[in-house]
Amino acid sequence: MAADFLVSLAAILFTLSLLPGSTSLPTTVGATYSASTVATYGTPPAPDRVARAVSSLGLSALRLDASDPAMIRAFLYSNTSLLLTIPNQLVPPLAANRSNALRWLYIHVIPFYPRTNIGTISVGNDLLESSPDFFTFLLPAIRNLRLSLQDLSIHRISVSTTFSFINVITTAFPPSNARFQEPAVDTVIRPLLRFLRDTNSSFLINLYPYNLYKMRSEIPIGFPLFQEHPFGFRDDLTTGVRYQNLFDMMVDAVISAMAVAGYENIPVIVTETGWPSYSTDPAEIDANPVYAEMYIKGLLFHLRSGKGTPLRREGVAETYIYELLDKQVRQGRNWGILYPNLTSKYKEIQYSGSDRGGFFDILIMAVGQFLMFALLAW
């Protein structure tokens with residue numbers, strides 16, 4: 001009788017542990033700390049304050065689009081994973097000489113790793129658009145950085161580069177028609193995909209449903225905001241897949257383009273995604289805090305569901321919300337999830353993977369393990 005009770009109670013607790021919100025997000029969720037935004041500040045926030053803010057939000061990762069050593073140092077002995085970025089202007093020197101790659105590593109990685117958790121280094125950001133003259137240097141720079149890491153016996157940091165969806169993918173709908181744009185697909189992307197496959201690294205992409213929504217007037221507002229309506233879907237007639245949101249459609253367009261290029265199983269990291277809460281352009285009425293909160297809430301709920309995308313069950317490996325901070329001066333668009341004083345803009349959003357809190361999860365696990373131990377001892 002007592003044994004039956006223990007079995008029943010253990011089963012109940014195990015079921016509770018599987019309820020939505022009781023486990024970590026299947027996808028690592030972080031935010032981008034943007035150097036261009038911080039440049040609008042009279043006095044940038046101290047790195048240790050930024051580190052505390054990231055921790056208080058429950059974010060498990062931070063992407064630095066300019067890898068300041070002081071900021072990297074602020075995350076020593078933390079659980080936050082960092083994605084570092086090498087500026088575009090450094091790509092030609094890194095390609096020209098491996099000693100330049102070693103020099104960069106000795107400043108930005110060696111003093112901190114592994115006490116600071118560095119998972120990936122992106123060589124450049126949207127280089128094909130912002131610095132097209134440098135694209136021939138991209139792969140040699142990536143290879144030199146990878147070889148330099150190996151010379152230093154560092155094997156757990158991946159090397160890749162970051163693309164912008166709008167600038168590298170031909171179309172988002174239907175995803176099955178998506179291709180990488182010419183001539184980049186043959187000169188840069190296919191050799192890069194081969195490198196990523198051989199080194200077990202990820203394809204990095206900046207992906208904004210907001211931007212695509214602004215470009216395509218036929219897209220209803222609920223589709224990019226994860227609002228499910230009876231007719232708020234799009235069907236890909238080639239694959240027979242039904243899409244309920246624009247985020248999945250754009251991710252699957254990337255996956256389809258990689259498959260056409262011959263590399264369908266490479267992990268995808270969304271290095272930037274978000275929704276502006278403000279714009280100085282009065283025509284951008286959809287750039288408002290209500291829609292921004294809806295987008296982030298919908299994104300997190302979707303990632304938390306563990307459904308992945310229609311073409312990739314495991315979904316994306318990591319997702320970085322753009323961005324951590326608002327501009328201190330109101331110019332252009334504001335994307336931040338924190339105000340300039342580092343207080344949270346969206347009080348109702350929980351960025352970590354638990355809806356009930358870590359203590360409840362730990363309690364479930366501890367009691368469940370105790371009961372199972374007792375049952376075995378019985």
Side-chain angles (χ1 to χ4, degrees), residues 28-90 104 107-109 111-113 115-122 125-126 162 206 208 269-280 287-289 292-293 295-297 299-300 318-352:
T28 297
V29 174
T32 289
Y33 184 77
S34 172
S36 61
T37 293
V38 175
T40 69
Y41 286 57
T43 302
D48 61 326
R49 288 188 63 211
V50 174
R52 287 196 298 270
V54 170
S55 178
S56 67
L57 287 172
L59 294 168
S60 55
L62 186 70
R63 172 176 171 259
L64 303 177
D65 69 2
S67 302
D68 177 13
M71 188 63 67
I72 301 170
R73 182 180 294 108
F75 287 90
L76 286 170
Y77 305 107
S78 76
N79 293 323
T80 305
S81 174
L82 298 185
L83 193 159
L84 307 185
T85 307
I86 295 178
N88 290 346
Q89 64 267 25
L90 292 184
W104 190 91
I107 295 172
H108 298 87
V109 174
F112 317 110
Y113 183 83
R115 295 169 299 161
T116 296
N117 181 9
I118 300 170
T120 303
I121 300 174
S122 174
N125 179 27
D126 194 16
T162 303
N206 298 335
Y208 290 93
I269 292 177
V270 176
T271 39
E272 291 181 13
T273 191
W275 196 280
S277 60
Y278 171 83
S279 174
T280 52
N288 62 69
E293 184 171 5
Y295 178 78
I296 296 172
K297 273 187 175 179
L299 174 68
L300 293 174
E318 301 171 26
T319 301
Y320 292 83
I321 299 169
Y322 189 85
E323 59 183 317
L324 187 66
L325 300 177
D326 264 350
K327 296 182 178 74
Q328 196 168 57
V329 178
R330 286 201 162 190
Q331 57 186 31
R333 298 168 177 169
N334 260 344
W335 302 79
I337 59 176
L338 294 178
Y339 291 114
N341 63 2
L342 300 186
T343 59
S344 181
K345 185 185 293 184
Y346 308 113
K347 305 300 182 184
E348 302 301 319
I349 293 182
Q350 193 168 28
Y351 298 92
S352 61

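Just the heavy atoms: all of them, side chains too, but no hydrogens, waters or symmetry mates, feed the values below.
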Quiz item: Take atom CD in Glu348; do more than 12 heavy atoms of anything else shown fall under 6.0 Å from it?
Solution: no
Of the non-hydrogen atoms in [X] and [Y], which two are nearest, and what is the gap between them?
X	Y	value
Leu338	Ala53	CD1-CB, 3.9 Å
Ile118	His108	CD1-O, 4.2 Å
Tyr351	Ile337	OH-CB, 3.5 Å
Ala292	Tyr346	CB-OH, 3.1 Å
Thr162	Ser122	OG1-OG, 2.8 Å
Val38	Pro44	CG1-CB, 3.5 Å

Self-check item: Those residues that, when tested against Lys345, pass side chain to side chain contact (heavy atoms under 4.5 Å, CB included) (two or more places apart)
Solution: Ser277, Asp326, Tyr339
Quiz item: Quick one: do the Thr32 and Ser34 side chains pair a donor with an acceptor below 3.5 Å?
Solution: no
Using the test salt bridge (charged side-chain N to carboxylate O under 4.0 Å, His left out), find all partners of [X] that sit at least two apart in sequence or belong to another chain.
X	value
Glu293	Lys297
Arg73	none
Asp48	Arg52

Got a second to check how far [X]'s [atom1] is from [Y]'s [atom2], nearest 0.5 Å?
X	Y	atom1	atom2	result
Asn334	Thr37	CG	OG1	7.5 Å
Asn125	Asn88	CG	CG	6.5 Å
Phe112	Ile107	CZ	CD1	9.5 Å
Leu300	Ile321	CG	CD1	5.0 Å
Arg49	Asn341	CZ	CG	7.5 Å
Tyr33	Glu323	OH	CD	10.0 Å

Quiz item: Which residue, Tyr322, Trp335, Tyr208, Tyr320, forms the side chain to side chain donor-acceptor pair (under 3.5 Å) with Glu272?
Solution: Tyr208
Quiz item: Should Leu59 and Val29 be marked as a side chain to side chain contact (heavy atoms under 4.5 Å, CB included) after you check the CA-CA gap, both sets of side-chain angles, and the distance that decides it?
Solution: CA-CA 6 Å; Leu59 294 168; Val29 174; 4.1 Å; yes
Quiz item: When you look at Leu342 and Leu325, which way does the side chain to side chain contact (heavy atoms under 4.5 Å, CB included) test go after all the steps?
Solution: CA-CA 7 Å; Leu342 300 186; Leu325 300 177; 3.1 Å; yes
Exercise. Output every pair passing salt bridge (charged side-chain N to carboxylate O under 4.0 Å, His left out) with a member in residues 333-344, not counting sequence neighbours, ordered by first then second residue.
Key: Glu284-Arg333
For residues 77-87, which side-chain donor-acceptor pairs fall under 3.5 Å, sequence neighbours excluded?
residue : atom : partner : partner atom : Å
Ser78   : OG   : Phe75   : O            : 2.9
Ser78   : OG   : Thr80   : N            : 3.2
Thr85   : OG1  : Leu64   : O            : 2.8

